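The next block holds one structure in the form of structure tokens; read it before the comments.
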Amino acid sequence: MADEIVDVVIRPDGKVEMHVTGVDGTACVEHTDQLVGLLGGEVESQELTADAYVQTEADTAVDEQNRLWH
């Protein structure tokens, strides 16, 4: 398993850029929620990387549960 890394860059204009690597699926959003809140809580834009589209076991379990309940 790859290391989970969150790089945070605070630009001179005060804007913050955050780059997450080593996290498959959209869990990166959940992993950074608290940090986003500490940095001001506003997300101006968000771009997902290819890693966000990797199917994880958690995603598979949610998909399976949705099929069972709907």
Side-chain angles (χ1 to χ4, degrees):
M1 177 177 230
D3 290 334
E4 296 178 10
I5 299 170
V6 178
D7 289 317
V8 178
V9 176
I10 301 174
R11 297 186 345 202
D13 63 2
K15 291 191 179 193
V16 177
E17 295 179 5
M18 192 177 314
H19 305 274
V20 180
T21 56
V23 178
D24 288 339
T26 56
C28 58
V29 176
E30 296 164 18
H31 285 224
T32 57
D33 275 347
Q34 186 176 10
L35 184 56
V36 168
L38 292 170
L39 293 169
E42 292 184 34
V43 176
E44 192 172 293
S45 68
Q46 177 177 308
E47 293 180 32
L48 300 176
T49 65
D51 290 343
Y53 300 99
V54 173
Q55 187 78 15
T56 65
E57 288 182 33
D59 293 337
T60 302
V62 168
D63 288 345
E64 191 170 309
Q65 183 179 10
N66 286 339
R67 275 196 304 270
L68 294 173
W69 290 102
H70 295 326

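In this text the structure is predicted, and so the values were computed from the model without any measurement.
Between His31 and Val6 the shortest side-chain heavy-atom distance does not fall below 4.5 Å.
For the atom pair Met18 CE and Thr32 OG1, the distance stands at 5.5 Å (nearest 0.5 Å).
Listed by chain and residue number, nothing satisfies the side-chain hydrogen bond (donor to acceptor under 3.5 Å, both in side chains) test with His19 (two or more places apart in sequence, or in another chain).
Within 6.0 Å of atom CD1 in Ile10, 12 or fewer heavy atoms from other residues, nucleotides or ligands are found, so the atom counts as exposed in its surroundings. Residue Gln34 places its CD atom among 12 or fewer non-hydrogen atoms of other residues, nucleotides or ligands, all under 6.0 Å distant.
Smallest separation of non-hydrogen atoms from Val20 and Cys28: CG1-CB, 3.7 Å.
In the hydrophobic clustering of ILVMFWY residues, with side-chain heavy atoms under 4.5 Å counting as a link, Val43 and Val8 come out together.
Between Asp13 and Lys15 there is no salt bridge, since none of the side-chain N atoms of the basic residue sits less than 4.0 Å from a carboxylate O of the acidic one.
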